[in-house]
Structures are given as structure tokens and as C-alpha cells.
Amino acid sequence: MPLQVAGEILSIKKVGAYQAVTVIAPGIPELTRPGHFLAVQVGGPESSMLLRRAFAIYDVKDRGVYGGTVEFVFSVHGKGTAWLSQRRAGDKLDVVGPLGKPFRLPKSAVNVTLVGGGYGTAPLLPLAAALRERGCRVDIVLGAGGSDRLFGLLDAKRMADSVAVTTDDGSSGTRGRVSDVLPAVLDKSQADVVYACGPMAMLRAVSDIAAARGIPCQVAVEESMACGIGVCMTCVLPVVGEDGLTRMVRSCVEGPVFLGDRVRWDDVGTVPADAVGAPRA
Amino acid sequence: MPLQVAGEILSIKKVGAYQAVTVIAPGIPELTRPGHFLAVQVGGPESSMLLRRAFAIYDVKDRGVYGGTVEFVFSVHGKGTAWLSQRRAGDKLDVVGPLGKPFRLPKSAVNVTLVGGGYGTAPLLPLAAALRERGCRVDIVLGAGGSDRLFGLLDAKRMADSVAVTTDDGSSGTRGRVSDVLPAVLDKSQADVVYACGPMAMLRAVSDIAAARGIPCQVAVEESMACGIGVCMTCVLPVVGEDGLTRMVRSCVEGPVFLGDRVRWDDVGTVPADAVGAPRA
Amino acid sequence: MTDMSTTLAGVTFPNPVFTASGCAAAGRELDQFFDVTQIGGVVTKSIMLNARSGRATPRMAETPSGMLNSIGLQGPGIEEFLTKDLAWLEKRGARAVVSIAGGSVEDYALLAQKLRGHKAVSMVEVNISCPNVEDRGQVFACDPRASSNVVDAVRRNTTPGIPVFAKLSPDVTDITTIARACVDAGADGLSVINTLLGMVIDTTTMRPALAGLTGGLSGPAIRPVAVRFVWQVHQALPHVPILGMGGIRTGLDALEFVLAGASAVSVGTTVFGDPTAPVRVLAELQQALEQRGIARLADAVGLAHRPPETYVPERPDPVGDELVSTDVFEEHS
Amino acid sequence: MTDMSTTLAGVTFPNPVFTASGCAAAGRELDQFFDVTQIGGVVTKSIMLNARSGRATPRMAETPSGMLNSIGLQGPGIEEFLTKDLAWLEKRGARAVVSIAGGSVEDYALLAQKLRGHKAVSMVEVNISCPNVEDRGQVFACDPRASSNVVDAVRRNTTPGIPVFAKLSPDVTDITTIARACVDAGADGLSVINTLLGMVIDTTTMRPALAGLTGGLSGPAIRPVAVRFVWQVHQALPHVPILGMGGIRTGLDALEFVLAGASAVSVGTTVFGDPTAPVRVLAELQQALEQRGIARLADAVGLAHRPPETYVPERPDPVGDELVSTDVFEEHS
Ligand SMILES: Cc1cc2nc3c(=O)[nH]c(=O)nc-3n(C[C@H](O)[C@H](O)[C@H](O)COP(=O)(O)OP(=O)(O)OC[C@H]3O[C@@H](n4cnc5c(N)ncnc54)[C@H](O)[C@@H]3O)c2cc1C
Ligand SMILES: Cc1cc2nc3c(=O)[nH]c(=O)nc-3n(C[C@H](O)[C@H](O)[C@H](O)COP(=O)(O)OP(=O)(O)OC[C@H]3O[C@@H](n4cnc5c(N)ncnc54)[C@H](O)[C@@H]3O)c2cc1C
Ligand SMILES: Cc1cc2nc3c(=O)[nH]c(=O)nc-3n(C[C@H](O)[C@H](O)[C@H](O)COP(=O)(O)O)c2cc1C
Ligand SMILES: Cc1cc2nc3c(=O)[nH]c(=O)nc-3n(C[C@H](O)[C@H](O)[C@H](O)COP(=O)(O)O)c2cc1C
Ligand code: FES
Ligand code: FES
């Protein structure tokens with residue numbers, strides 16, 4: 001049950017290549033679980049930008065001096081995030097959330113490996129906390145283009161049993177991709193379950209590695225979204241259902257978290273010929 | 001020769017029902033004369049508002065600590081001025097100016113009456129200063145809806161030989177319109193020339209009073225403008241030329257200052273049948 | 001309190017603010033944000049006979065004050081729609097306007113039959129902006145005869161008394177010809193307008209931004225075009241009720257459509273940025289009518305068409321012609 | 001340095017960025033802001049045979065990311081245009097694209113004759129979005145035959161070698177039919193697009209906001225529609241040069257039009273908010289082409305029509321089909 005809240009920015013601060021925004025948005029924290037996301041209005045009342053921008057929820061505080069707050073982390077990508085980066089504390093920010101299906105937690109205290117790419121680490125940190133609370137072993141793999149894009153490294157080190165780092169440019173940790181180090185981490189930690197959030201190519205690689213080992217894997221995908229609430233059908237990708245049939249499903253309400261092996265990675269961006277309702281050739 | 005300047009707001013402050021904005025806009029002050037106006041971009045880079053807003057120039061300073069500045073006074077009318085009212089010192093403001101034909105000054109030290117309505121007084125104050133410099137007698141009539149909309153009263157009192165005030169609600173001066181007190185002022189001051197700026201209905205009344213007495217009168221009109229620089233033809237009104245023919249002339253480049261008796265007040269908002277190029281019935 | 005009820009071809013709705021087809025799914029998601037029984041009606045996403053996967057992604061591009069979409073009518077097919085979506089709307093007590101879409105006249109006829117007698121259906125909207133598979137993919141709504149055939153088939157197969165509205169495309173030279181053809185074929189009203197065909201080129205890939213190449217443009221960007229079409233259709237067919245839409249964001253926007261001739265309005269794209277928009281627009285429209293002293297919404301419909309008030313000049317005597325001497329002033333340098 | 005020159009039907013312009021008719025007068029005012037000889041050409045406000053007062057005011061309304069105008073082709077008539085405006089452009093050394101407009105085929109023929117042999121004319125743009133007084137005010141551009149007759153008359157009366165471009169209206173069902181009719185009648189190229197017919201209702205007066213009731217919608221709001229029309233016309237007539245326009249604000253916007261098939265572009269409404277826009281757009285376009293490694297503007301024309309690169313998946317082996325056990329996870333509550 002998401003809420004639309006006319007919020008106010010409590011703080012906005014630089015974190016490496018990102019900015020972290022905390023918004024006073026009473027009601028949202030209580031409903032939020034790791035993996036949920038927010039949809040944020042951008043540009044002000046006379047803006048030419050009509051659509052909300054989606055951001056994974058990083059942190060929430062049920063109550064504070066100002067009421068409940070919700071925090072997200074973003075990097076400047078286009079016009080909307082450029083506008084957001086110019087906001088200051090005290091500015092209004094209309095947010096809708098929590099949205100989407102969050103990560104499902106393991107029933108028991110299993111060994112869990114989390115894989116985050118860039119700002120994709122943000123939703124994994126509250127997940128790590130929840131997993132620790134359940135007594136899970138938590139190993140984290142963080143990857144990014146460069147060290148300024150490694151979000152949450154300190155938090156990860158504080159919470160995890162181990163942290164492995166990769167960067168494309170070698171500025172931190174191992175030069176390379178998370179998929180280069182993941183197999184070793186999975187072996188060492190005896191992982192029972194994998195969670196991942198980051199760029200689509202990374203999610204695919206992680207899903208494949210997990211699938212090859214028969215390890216269940218949840219991924220939080222990122223598809224272009226017009227509404228974020230399930231009414232527009234822009235955010236679909238081909239996913240295999242319980243019945244074995246492929247459907248074009250809405251990543252905003254049926255995701256963003258999917259089982260990695262259910263997503264037809266090869267066919268993302270297409271409608272596979274065997275999808276339900278696909279055009280007949 | 002107007003300039004387009006990527007300016008910066010030096011200050012923005014409330015003055016009664018108005019706000020006065022001072023913009024650092026090097027180059028513009030040197031070119032400005034009383035009656036010139038500015039065209040201001042509103043809404044920021046991703047705004048849905050494409051068109052500039054026109055404001056009469058109130059004050060200019062050739063050089064200051066920050067370079068030349070230009071000041072204008074506005075009231076919130078619609079979306080663009082609402083946006084403007086939210087600006088703060090340090091914000092960028094793109095301005096084009098000086099635009100239009102300014103007031104023409106008398107050749108000799110004659111008696112001048114200035115009539116300002118609401119924010120229309122703004123361009124009359126630098127005009128008063130220029131007239132004083134030439135040794136003119138200056139009498140000022142100010143009118144507005146209420147006392148919070150009487151702009152520049154103190155300045156007027158400091159500069160003028162006399163100041164008469166009218167308000168619609170009687171909160172200052174005489175209850176009524178400037179046209180109620182103008183005849184007496186013209187008589188008392190033995191006015192040779194009248195200048196007016198304010199709402200169209202007021203300009204019309206002033207023009208008529210001046211014309212009835214055979215006193216030359218210049219008015220600064222306000223017509224809806226899309227470009228302000230003479231390229232779009234949206235800002236026209238019917239004006240009688242030297243040759244006695246009526247033409248639909250652009251108030252942004254051939255005005256905003258016109259001789260009061262040249263404007264066909266009855267026909268503003270129409271194309272008179274005898275205008276050059278009017279559709280044949 | 002202005003009476004907000006509106007009667008569309010004999011069926012009275014408590015108020016004139018509806019959702020727009022394809023912008024509200026079947027109401028369930030929006031019901032999380034506001035009570036969908038509070039608005040005039042829920043216009044459902046156009047449904048086809050069979051399940052449709054829609055087009056490949058990307059399916060959308062944001063544009064200045066608008067967006068392009070090329071969803072390709074993804075949906076579950078009429079059977080699942082009836083048992084899931086329409087059943088939910090019925091249980092919820094919402095007024096359902098069911099939008100139907102097909103690739104042939106036959107499809108439309110079958111869809112209308114499927115809906116026939118269903119208590120939950122308050123109205124049928126016929127989305128004729130679909131390619132006619134039997135005519136080289138030519139869009140029905142661009143041809144008066146094809147439009148007429150579809151409307152006729154739907155009207156014949158729809159429960160009598162349930163209004164059938166034909167939804168017109170703006171991508172035509174003369175909308176009044178199409179409007180007339182639809183009305184002559186039995187349309188009880190007209191939905192005006194569907195999206196404008198548009199395209200965005202991605203300057204990075206240097207290819208069309210949408211997988212489907214072209215898409216439909218919606219949002220405030222198209223509002224002046226939509227208002228013009230509503231005006232034209234109302235002028236041509238003043239007695240035919242219009243469901244107006246295209247870029248409505250506020251109550252005053254809705255009022256523009258009403259004044260131009262719409263008896264009800266749909267709020268579409270705005271919902272994506274503001275999920276509670278329909279109830280907000282309704283409240284704002286009601287307030288605007290009250291402020292203008294209009295007692296009944298129905299009195300405002302088409303009001304902008306009335307002849308302008310005769311112009312009474314404030315001061316009747318014209319300015320004299322003699323030119324006043326101006327040589328007291330300096331010339332501009 | 002990308003070669004920015006563009007050749008339109010045999011005439012080479014140093015670069016592809018022009019002003020738009022009616023958005024730059026005859027160049028003199030903009031020359032205060034930038035050197036008008038630096039852009040491809042100055043497209044002048046459509047000129048008619050005789051002086052025209054235009055429509056009553058209000059003549060404009062700002063709309064979301066756009067504006068409506070109903071100027072009504074105010075202008076001094078061709079004689080004064082020749083002696084004042086064109087003479088100024090000639091003296092200034094600017095390339096003049098003269099836009100002409102008439103109420104009959106005869107008007108257009110006479111206008112072309114008046115321009116014939118005038119050295120300053122680089123190109124003629126025929127504004128056919130005018131009401132045909134001989135055909136109940138039906139707009140020429142909405143009818144292939146009427147468009148064809150106008151273009152034929154202009155082409156016959158225009159100096160050979162001087163390109164004649166027909167400017168198309170977007171308010172039509174099938175632009176390619178009109179485009180073909182114009183080309184068959186001798187148009188050397190096409191200007192795409194003119195404004196879309198629109199309307200705004202003033203919610204205070206509850207009457208149309210423009211004195212002329214309807215007006216032309218322009219600005220970024222219409223850009224996706226304009227790009228789509230350029231794409232369609234280029235696809236239908238790949239060898240016909242296109243002057244593309246509609247909502248261009250930046251160099252990347254201009255690039256969209258070029259990739260869709262335009263050999264040159266006009267910057268119109270944007271000039272009102274940003275008088276130096278044409279030179280800025282030119283610089284941005286040049287930079288964008290350079291960044292993309294495109295050596296000649298001409299190589300980018302229509303590039304978005306090329307077939308998409310064959311998709312090479314990053315990792316060719318597909319994901320296995322067997323379902324991984326998921327019962328380790330809790331269900332959502
Ligand atoms: C579930 C989800 C969670 C996300 N979490 C984060 C996060 O925590 N931090 C972060 O920095 N970014 C996140 N993103 C990506 C973020 O939404 C985009 O970077 C942002 O929308 C870009 O907006 P823009 O105006 O800057 O770009 P523009 O390209 O100007 O946007 C144009 C339009 O495309 C949409 N769009 C463009 N890129 C994306 C994208 N990658 N995903 C979805 N929509 C897109 C925009 O919403 C907008 O409607 C997330 C996306 C999704 C779907
Ligand atoms: C020469 C001139 C000098 C002016 N000087 C001042 C001044 O010193 N102080 C001041 O407060 N106002 C002044 N105005 C009026 C001011 O330009 C308008 O109040 C302002 O443009 C309204 O913009 P908006 O976005 O708030 O209103 P909106 O109604 O949202 O504007 C919509 C569009 O209409 C145009 N428009 C609306 N009203 C007017 C108007 N009255 N005149 C011109 N264009 C209009 C806007 O420019 C915009 O393009 C002047 C106008 C002119 C023409
Ligand atoms: C994402 C999306 C999907 C749409 N799907 C449909 C549809 O299935 N059937 C239909 O008749 N119209 C559809 N439309 C058009 C809208 O119903 C509406 O006519 C149009 O968007 C203009 O209104 P708006 O500007 O308020 O959105 C769709 C529009 C959008 C934006
Ligand atoms: C105020 C105004 C006046 C115009 N006058 C003309 C004209 O006289 N002749 C013409 O062919 N097009 C005219 N146009 C249309 C433009 O040339 C252009 O085709 C259209 O505005 C789309 O481009 P834009 O969005 O860049 O403005 C006019 C447009 C505007 C805004
Ligand atoms: S973003 Fe609209 S349905 Fe997912
Ligand atoms: S405002 Fe454009 S010509 Fe005057």
C-alpha cells in the first residue's frame with residue numbers, strides 16, 4: 001500500500017560520485033522493507049518533465065525529530081537527476097512509496113552473499129542488516145567503475161563477514177568485474193543464497209553464476225518506468241512464471257526483485273516468440 | 001542594441017505588494033534609458049515555459065562591486081512571475097535588454113507631469129531624475145488599488161515638486177482614479193508635457209485628458225509579448241502614423257512608449273477596418 | 001455546491017472526471033491512492049480478444065511536457081479481463097467504462113458480445129486507433145468507412161442503453177467527417193482524443209528511441225490540439241456528448257475541455273506523475289465552477305462557443321484625429 | 001572538424017541551421033544578437049502580395065512547452081518586402097530563403113514572378129498552410145491537388161536553379177501523399193512541419209484565449225510529431241531534401257531531425273526565449289557530430305533509418321531452463 005507524500009528534504013549530501021537525499025516522508029518508513037523503491041517528482045510545478053524518477057530506498061527512520069524519513073542515493077544521469085542534484089535542505093520533494101516487491105528473506109539462518117554494483121549497493125545494506133538480525137552469514141561483493149562509485153563500503157565492512165571489492169579501473173580492490181571474484185566468494189562462504197542489485201549486465205552474470213551452482217538468487221532489476229505503480233505497462237521484461245510460461249511482466253509491481261533464473265536475460269528488450277500473447281510470425 | 005546576458009540575482013526583496021529584483025547584468029546599464037524594458041527567462045532549463053517575461057527597467061547602476069546591475073519591480077501575476085518570486089540572491093537569471101523605445105525627453109526645461117499606476121511607476125522614477133537634471137518642474141500622480149501597490153512614493157516625494165496619490169480603496173490619498181485628480185494637477189503645474197505608465201485603461205484616460213488640453217503625452221503600453229525583440233508580431237496595437245494611416249505596430253520595438261493620441265484606444269484588441277492591410281469586409 | 005453530475009447518452013454519472021484508457025490499468029492499482037468509486041468512472045486499458053504481449057522495450061520516452069508510448073496493447077485478453085478485472089471493478093462498486101480494441105470488425109463485434117449483459121459495464125469505449133489487419137494495417141480511425149463499420153458492429157452487439165463511445169484519433173485531416181461517420185453508425189458519443197503519432201530519435205544510439213519506432217504522444221504538450229478537436233467536434237455535432245482528454249493536469253485544464261464542449265473528461269498521463277490526480281482534478285474543477293457561479297456542470301458544457309459579449313467601450317467618445325504637436329521631444333539618437 | 005555544409009537541391013549552404021518563417025522577421029532584429037551571415041540562411045516571414053494587418057489581439061498564448069500564435073500573416077506586402085527587407089538581407093550578405101503565401105494559385109504565381117531574378121534569393125519556401133479563398137477557405141496543404149497546383153505555379157515562375165521548397169502542414173492524415181504531390185509538381189524539397197492547429201480556452205473569460213479562436217502550436221511540445229513527419233517523408237521520398245523544424249531547442253534536437261532525414265533545420269519558437277539560439281544550435285550540432293566521429297553533416301542525414309546493428313549478446317549461452325528451488329524464501333505477507 002504505497003503512499004503519496006508531499007515531503008521535504010531534510011538533507012542532501014555528496015557521497016563519492018553520488019548524492020544521498022533524506023526526505024521527511026511520514027508513513028513511508030513503517031511500510032518499507034529492503035528492496036522497495038521510491039518514485040520522486042522532479043522539476044517543480046511548471047516543469048516540462050512529467051514522469052517520476054525511481055530510486056531504491058536506502059535507509060528509513062520511523063521517527064525522528066521531524067517525523068519519519070526515507071533516504072536514497074543517486075547519481076546524475078539526465079535532466080531529472082540533474083535537477084535533483086541542485087536541491088537543498090528545506091526544498092519540497094513529492095515522493096511515492098514504498099513501491100514494488102522487496103527482497104524475500106530466507107526462512108532460516110543461511111549463508112548469504114550480496115552483490116552490489118554502483119548505487120545498487122544502497123538497497124543491499126538494509127538487507128544485510130535484516131539478514132544479520134536473522135543470524136545469517138553475510139558476505140558482500142561490491143563492484144563499480146571506480147572507487148568514487150563504490151557506495152557503502154564502510155557500512156558493508158562493518159556488517160559483513162567478508163567484503164570483496166572490484167573496480168573497472170582498478171582504483172580499489174581487484175581490477176575487473178564482480179563476476180570475476182564472485183565464484184571464489186561463493187565457495188569460501190558456502191553461500192546458500194545470493195542477492196544482487198546493479199546494472200542489468202551484472203545481474204545477468206550473477207544470475208548465471210548462481211544458476212550454474214544451483215544457488216537461488218534474487219536480483220533487483222532496473223527498467224525504464226513511466227509510472228512505477230503498475231498502470232502504464234512500460235517497464236516490462238520477459239520472465240518465466242511458475243507455470244513455465246514466459247510473460248512480459250511489469251518490473252515496477254511484480255518486481256523490481258525477481259528470481260535471477262526466471263528472467264530471460266537474452267531476451268530483455270525483445271518479446272520472445274514463445275511469450276504469452278507474442279505476435280504470431 | 002540589446003544584449004543577452006546570463007545574469008545573476010544580486011538581491012530580491014519585498015516592496016509592498018511587489019518584489020524588486022537587482023540583477024548583475026554587465027553591459028545593459030550603459031545602454032539603458034528611462035522607459036526601456038527587460039525580457040527575463042523564467043522557469044529554469046527544463047521549464048515548460050518557453051517565453052520571456054517583460055519588465056520595465058526601474059534602476060540601473062553602471063558599475064558596482066559586482067559589475068553593472070539592473071533592477072526591476074514585479075507583482076505575481078501567473079506562473080512565470082510566481083517562479084520569479086521564489087528566486088534568491090545568487091540564482092542565475094538570463095535577461096535581454098534594454099529593449100524597446102524609451103521615453104523621449106523634452107528639449108527644454110518644461111513643466112512635466114508623470115502619471116504612474118501600480119508598478120507602472122517604476123520606469124517613471126528614473127525618468128523623473130533625468131527630467132530634474134534638465135531643470136524641468138516635475139509633478140507626479142500615483143495611483144494604485146491600495147497603498148501596498150503604490151510603488152516608489154518616497155522617491156517620488158523626494159524628487160517631485162508635488163505628488164498626488166489616489167487609491168481605489170482609499171487606503172492612501174484620494175479614493176478614486178488618477179484621472180480624477182489629474183486635471184487639477186495639470187492646471188496647477190501648468191504642465192507642458194505628460195508621461196504615463198500603468199494599466200491600459202489608465203493610459204487611455206490620461207491620454208484623453210492630455211489630448212483634450214492639447215498637451216503632448218507619452219505613454220508606455222503593456223501588450224502580451226512572445227519575443228520582446230520584434231520578430232514575432234504578437235504585441236501589436238493600432239497606432240496612427242505620421243502619415244495619418246493606422247497600422248498594427250509592434251509595441252516591443254516601436255513602443256512600448258507611444259504618443260498617447262496616436263494609439264487608437266477604442267480599437268485596441270481589434271484590427272480597425274481602416275488599418276493598413278485590414279481584411280476587406 | 002455545483003451539481004457535478006453528467007449524463008452521457010442517457011446514463012448519469014455522479015461527476016465528469018474519468019481515468020483514460022491505458023493510464024489506469026483496470027483501477028485496482030489506483031485504488032491504493034484514492035477511492036476509485038469517487039470519480040465518474042474508470043476507463044479500462046483497451047482489451048482485445050486474446051492475450052497480447054505488446055511491443056518490445058523501450059516502450060516509452062519522456063518528451064517536453066509529454067511522453068511517447070508504444071505499449072502495443074499488452075493485455076490478458078477478454079476472458080481473463082472479465083473474470084479478474086471487470087469482476088474486481090464490479091465488486092468494488094466502481095463505474096466501468098470498458099475500452100475495446102481489435103484488428104478486424106469481427107473482433108470488435110465479438111468483444112461487444114462478450115461484454116453484453118455484463119452488469120458492471122457502464123459504457124463501452126471503442127478504441128478505433130488500431131491497425132486493420134484486413135486493410136494493410138491502415139488505422140480504422142483514419143478512414144470514415146472503416147470507423148463506421150467498427151462502430152456499427154459494436155453498437156449492434158452492445159446491451160441497448162449502454163452508451164457506445166468511439167474514440168477518435170487526432171492524426172486526421174478532418175475529424176468531423178470521422179466523427180459524423182461514427183455517429184451515423186450508432187455511436188452515442190465520442191472520446192476525443194487519442195494520442196498523436198510521434199517519434200524520438202536517441203542521439204546516442206542514433207536510432208529511434210522506441211523499439212516500436214513510433215509511439216503515441218500524450219500529456220500537457222498536446223492539450224491545445226485536444227481542446228481544438230473537442231471544439232471542432234462539438235461545433236459540428238453539438239448534441240453528441242464528448243468525453244474529452246489530452247493533457248489534463250488541473251481542474252482548470254478540465255474546465256477548458258468542458259467549455260470547449262466536453263461533457264466529461266479523462267485524466268491520463270498526469271496519473272503517472274501524480275497518482276491521486278483524478279480526485280484532485282475533480283475537486284479543482286468543482287471549485288472552479290463554483291467560483292464562476294455555475295450551478296450545474298451541464299451548464300458549462302460548450303459555453304466557450306457562445307458569441308462574445310457585445311463590446312461596450314469604457315469611454316464611448318473616440319479620440320480626436322488632429323495630431324498633437326510632438327516637436328517638443330528630442331528624437332532618439 | 002565536421003564539414004557542416006549542406007546542399008539543398010543543388011544549392012550549397014555553409015551549414016544546415018536556418019531560422020523559421022515568422023520567427024525571425026527578415027533577420028534584421030536578430031542581427032543585433034548574432035551575425036545572421038553565420039547561419040545557413042534566414043527564412044523570412046511569409047510574405048503576401050499586398051500589405052496585411054493580420055488578426056486581432058490576443059495573438060498568442062503560452063502552452064506547456066509550446067505556444068499558440070494567430071498572427072494572420074501580418075506583413076507589408078511583396079513590394080515593400082523587396083525594397084526594404086530583401087534589400088537589407090542582400091546588403092548584409094545573408095542567404096535569404098523567402099517564404100511566400102497567398103490566397104490563390106494566382107497569388108503564388110505573382111509572388112514567384114516578383115522574386116524572379118532577384119540575386120538575394122537563395123531559395124523559395126512556399127507556405128501552403130493558407131486558406132484557399134477560391135475553395136471555401138480550405139487550406140491548400142490539406143489537399144494534394146491544391147498543393148500541387150500552388151507548387152507548380154511557383155516552380156514555373158521561379159528562377160531556374162533556385163530551389164523551391166513546399167512547407168507541409170502536420171494537420172493531415174497522410175503527409176506522404178501531399179509530399180509526393182508537391183514533388184511531382186516540381187518542389188525541389190520539403191519543409192516539415194508547419195504548426196499544428198490548436199486552441200486554448202481562457203478559463204477567466206470562458207472564451208477562446210486568441211481573438212482568432214484557433215492558432216498554430218509550435219515549440220518543443222510538438223517536436224516528437226515533427227520528427228515523426230520528417231521520418232515518414234524521408235522514408236517515402238529518400239532523395240528529396242528536407243528542411244526540418246518543430247521545437248528545436250538544442251544541437252541534439254537538431255541532430256534528431258538530421259538523423260530522421262533532414263538535410264537542414266529551422267529554429268523557430270526557441271528564438272523568442274533565446275535570441276542567439278540559431279548560432280548556439282549550430283555550434284552544439286557541430287560538436288555533437290564531431291563527438292560521434294561523423295566527418296560530414298551529409299553523412300548523418302537519415303542515419304536513423306539504417307537497419308539496427310545485428311544484436312550480439314554479451315554472453316551467448318542462454319540461461320538454463322530448469323527452475324531453481326525457491327522454497328528457501330519467505331512469501332510476502
Ligand atoms: C527500481 C529502480 C530503482 C532505481 N534506483 C536507483 C538508485 O537507487 N539510484 C540511482 O541513481 N538511480 C536509480 N535508478 C535509475 C534512475 O531511476 C534513473 O537514473 C533516473 O530515472 C534517470 O532520470 P533522469 O531524468 O536523470 O534521466 P533521463 O534520461 O532524462 O530520464 C528520462 C526518462 O527515462 C526514465 N529513465 C531513464 N533512465 C532510467 C533508468 N535507468 N531506470 C528507470 N527509468 C529511467 C526516467 O525516469 C525518465 O522518465 C533506479 C531505477 C529503477 C527502475
Ligand atoms: C513592456 C512591458 C513592461 C512590463 N513591466 C512590468 C513591470 O515592471 N512589472 C510587472 O510586474 N509587470 C510588468 N509587465 C507585465 C509582465 O510582463 C507580466 O505580468 C508577466 O509577463 C506575466 O507573466 P506570468 O508568467 O506571471 O503570467 P502568465 O499569464 O502565466 O503568462 C503567460 C504568457 O503571457 C504573457 N503575459 C501575460 N500577461 C502579460 C502582460 N501583462 N504583459 C505582457 N505579457 C504578458 C507572458 O509573458 C507569458 O508569455 C510588463 C509588460 C510589458 C509588455
Ligand atoms: C501509456 C499509455 C497507454 C495508453 N493506452 C491506451 C489504450 O490502450 N487505449 C486507448 O484508447 N488509449 C490509450 N492511451 C491514450 C489515452 O487514453 C489518452 O487518449 C491520451 O493519452 C491523451 O490523454 P492524456 O494526455 O491525458 O494522457 C494510452 C496512453 C498512454 C500514455
Ligand atoms: C509566431 C509564429 C509565426 C509564424 N509564422 C509563420 C509564417 O509566416 N509562415 C510559415 O510558413 N510558418 C510560420 N510559422 C511556423 C514556423 O515557421 C515553424 O514551422 C513552426 O513554428 C514549428 O517550428 P518551431 O517549433 O521551431 O517554432 C510561425 C510560427 C510562429 C511561432
Ligand atoms: S512503470 Fe508503469 S507499469 Fe511499471
Ligand atoms: S513581442 Fe514579438 S514582435 Fe513584439
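Just so it is clear: chains get the letters A, B, ... in the order the sequence lines come, proteins before strands, and each one is counted from 1.
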Select, from D:Glu256, D:Arg249, D:Arg223, the one with the greatest count of heavy-atom pairs under 4.5 Å involving chain C. D:Glu256

Looking only at C:Gly66, C:Pro208, C:Ala300, most heavy-atom pairs under 4.5 Å shared with chain D are made by C:Pro208

Part of D:Leu213 lying under 4.5 Å from any heavy atom of chain C: side chain

Is the backbone N or O of C:Leu196 less than 3.5 Å from a side-chain atom of D:Arg228, with the two atoms forming a donor-acceptor pair by type? no

Please flag which part of C:Ile294 lies under 4.5 Å from any non-hydrogen atom of chain D: side chain, backbone, both or neither. side chain

How many angstroms lie between atom CD1 of D:Ile201 and atom CG of C:Asp253, to the nearest 0.5 angstrom? 12.0 Å

Check whether any side-chain N or O of C:Arg207 sits under 3.5 Å from a backbone N or O of D:Arg306 as a donor-acceptor pair, and report yes or no. yes

Contact class of D:Leu252 relative to chain C, heavy atoms under 4.5 angstrom: both

Look at D:Gly198, D:Gly215, D:Pro224, D:Ala304 and state which one has the largest set of heavy-atom pairs under 4.5 Å with chain C. D:Pro224

Please report the closest heavy-atom contact between D:Ser65 and C:Ser65, naming both atoms and the distance. OG-OG, 2.6 Å

Please name the pair of heavy atoms, one in D:Leu197 and one in C:Gln232, separated by the smallest distance, quoted to 0.1 Å. CD2-NE2, 3.9 Å

Which atoms form the tightest heavy-atom contact between C:Thr203 and D:Arg292, and what is the distance? O-NE, 2.7 Å

For D:Ile175, which atoms come within 4.5 Å of any heavy atom of chain C: side chain, backbone, both, or neither? neither

Structural part of D:Thr205 lying under 4.5 Å from a heavy atom of chain C: backbone

Which heavy atom of D:Ala221 sits nearest to which heavy atom of C:Leu217, and what is that distance? O-CD2, 3.7 Å

